[in-house]
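Single-structure report; data block below.
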Amino acid sequence: QVKLVESGGDSVQSGGSLRLSCAASNLNYTYYCMAWFRQVPGQEREGVAVFRSDGVITYHIDSVKDRFTISLDNAKSTLFLQMRSLKPEDTAMYYCAARPRVRGRSCSVPVRSDYNYWGQGTQVTVSS
């Protein structure tokens, strides 16, 4: 059974940095998508960034494109999200998600309902 475990969330001051980690186990697909989503209470869960198994990366929130970096350590089966210059509006629960690549469902657009596997989330709080 696929298991995703996030860590690294914390409370930081505006302008600070955090690195989120997502340890994946039993993700036994040759072709897959892994993504970071975030959710604020009362709002929809939104895709932040996607890492495709062939190394293609896409970011889906304009405000994070120059501040966040998604990466994957294949050897450790761990997905990262390096976050810099954090802002109060980045405050959210951050979730790691994964799914196999499926014909007709592009990895490029992170649709919540497409993802089969989810972590429990890690809270990021940025204060001004």
Side-chain angles (χ1 to χ4, degrees):
Q1 185 175 352
V2 176
K3 186 175 182 181
L4 304 174
V5 180
E6 302 100 330
S7 61
D10 205 346
S11 296
V12 296
Q13 295 284 325
S14 182
S17 298
L18 284 174
R19 189 175 79 157
L20 306 183
S21 300
C22 171
S25 55
N26 300 319
L27 188 63
N28 299 320
Y29 299 101
T30 302
Y31 305 104
Y32 56 85
C33 316
M34 293 189 77
W36 287 100
F37 287 74
R38 69 185 186 186
Q39 188 170 21
V40 175
Q43 297 185 18
E44 292 292 316
R45 191 171 298 185
E46 60 178 350
V48 177
V50 179
F51 191 104
R52 204 170 72 180
S53 50
D54 58 359
V56 174
I57 291 172
T58 53
Y59 296 93
H60 295 278
I61 300 176
D62 286 342
S63 66
V64 312
K65 288 179 179 178
D66 295 329
R67 300 184 295 118
F68 291 8
T69 303
I70 189 171
S71 61
L72 178 71
D73 183 331
N74 253 322
K76 296 181 180 180
S77 299
T78 302
L79 184 73
F80 298 101
L81 186 68
Q82 177 69 52
M83 305 187 294
R84 300 178 178 86
S85 301
L86 283 161
K87 304 176 181 180
E89 52 263 42
D90 296 318
T91 294
M93 184 72 79
Y94 283 73
Y95 295 91
C96 173
R99 67 171 177 88
R101 285 180 64 184
V102 175
R103 187 181 297 275
R105 291 196 303 176
S106 172
C107 279
S108 300
V109 180
V111 177
R112 177 181 180 176
S113 58
D114 284 348
Y115 281 79
N116 308 82
Y117 309 108
W118 292 88
Q120 80 288 351
T122 187
Q123 178 68 38
V124 172
T125 303
V126 185
S127 56
S128 57

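Predicted, not measured: the structure shown is a model, and the values here were computed from it.
Contact of the S63 side chain with the E89 side chain is not registered, since no non-hydrogen atoms from C-beta on lie closer than 4.5 Å. With contacts defined as side-chain heavy-atom distances shorter than 4.5 Å, the pair P41/M93 does not qualify. No side-chain heavy atom of R52 sits less than 4.5 Å from a side-chain heavy atom of I57. A 4.5 Å side-chain heavy-atom check between Q82 and S71 finds every atom pair outside the cut-off.
Shortest non-hydrogen contact noted between L79 and C96 is CD2-SG, 4.1 Å. Closest approach of K3 and V5 over heavy atoms only: CE-CG2, 3.7 Å.
Hydrophobic clustering, defined by side-chain heavy atoms of Ile, Leu, Val, Met, Phe, Trp and Tyr closer than 4.5 Å, groups V111 together with V109.
The hydrophobic clustering, which links ILVMFWY residues whose side-chain heavy atoms are closer than 4.5 Å, places I70 and V50 apart. Residues V126 and L20 share a hydrophobic cluster, clusters being chains of Ile/Leu/Val/Met/Phe/Trp/Tyr side chains in contact below 4.5 Å. Hydrophobic clustering (ILVMFWY, side-chain heavy atoms < 4.5 Å, transitive): L81 and V12 are in one cluster. Both V2 and F51 belong to a common hydrophobic cluster when Ile, Leu, Val, Met, Phe, Trp and Tyr are linked at side-chain heavy-atom distances under 4.5 angstrom. Hydrophobic clustering places L72 together with Y117 (ILVMFWY residues linked when any side-chain heavy atoms are closer than 4.5 Å, directly or through intermediates).
A cation-pi geometry, defined here as NZ or CZ lying under 6.0 Å from the six-membered ring centre and within 45° of its normal, does not hold between R99 and W118.
In summary, K65 and D62 engage in a salt bridge, as defined by a charged side-chain N under 4.0 Å from a carboxylate O. Using a 4.0 Å cut-off between charged side-chain N and carboxylate O, D66 and R84 make no salt bridge.
Residues R101 and Y32 bring no donor and acceptor atom of their side chains to less than 3.5 Å of each other.
Of the possible donor and acceptor atoms, none in the side chain of E6 sits under 3.5 Å from a partner among the backbone N and O of S21. Side-chain atoms of R67 come within 3.5 Å of backbone N or O of S85 as a donor-acceptor pair. At distances below 3.5 Å, not a single donor-acceptor pair connects side-chain atoms of T91 with backbone N or O atoms of T125. Panel note: side chain H60, backbone E46; no donor-acceptor pair is recorded below 3.5 Å. With hydrogens and angles ignored, the 3.5 Å screen pairs no side-chain donor or acceptor of Q1 with any backbone N or O of N26. Judged by distance alone, the side chain of W36 and the main-chain N or O of F80 form a donor-acceptor pair under 3.5 Å.
Open room surrounds CD on E44; 12 or fewer heavy atoms of other groups in view lie less than 6.0 Å from it.
Under the salt bridge (charged side-chain N to carboxylate O under 4.0 Å, His left out) criterion, D114 pairs with R105, not counting sequence neighbours.
Note that OH of Y95 is 13.0 Å distant from CG of L4, once rounded to the nearest 0.5 Å. To the nearest 0.5 angstrom, Y94 atom OH is 9.0 Å from Q123 atom CD. Put simply, OG on S77 and CG on N28 are 9.0 Å apart, with the number rounded to the nearest 0.5 Å. Atom OG of S127 and atom NZ of K87 lie 15.5 Å apart (nearest 0.5 Å).
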Taking it one step at a time, do L18 and L86 satisfy side chain to side chain contact (heavy atoms under 4.5 Å, CB included)?
CA-CA 8 Å; L18 284 174; L86 283 161; 4.0 Å; yes

Would you sort out whether V64 and R38 count as a side chain to side chain contact (heavy atoms under 4.5 Å, CB included), showing the intermediate values?
CA-CA 12 Å; V64 312; R38 69 185 186 186; 4.0 Å; yes

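By the 30° and 60° cut-offs, the orientation of the rings of F37 relative to Y115 is perpendicular.
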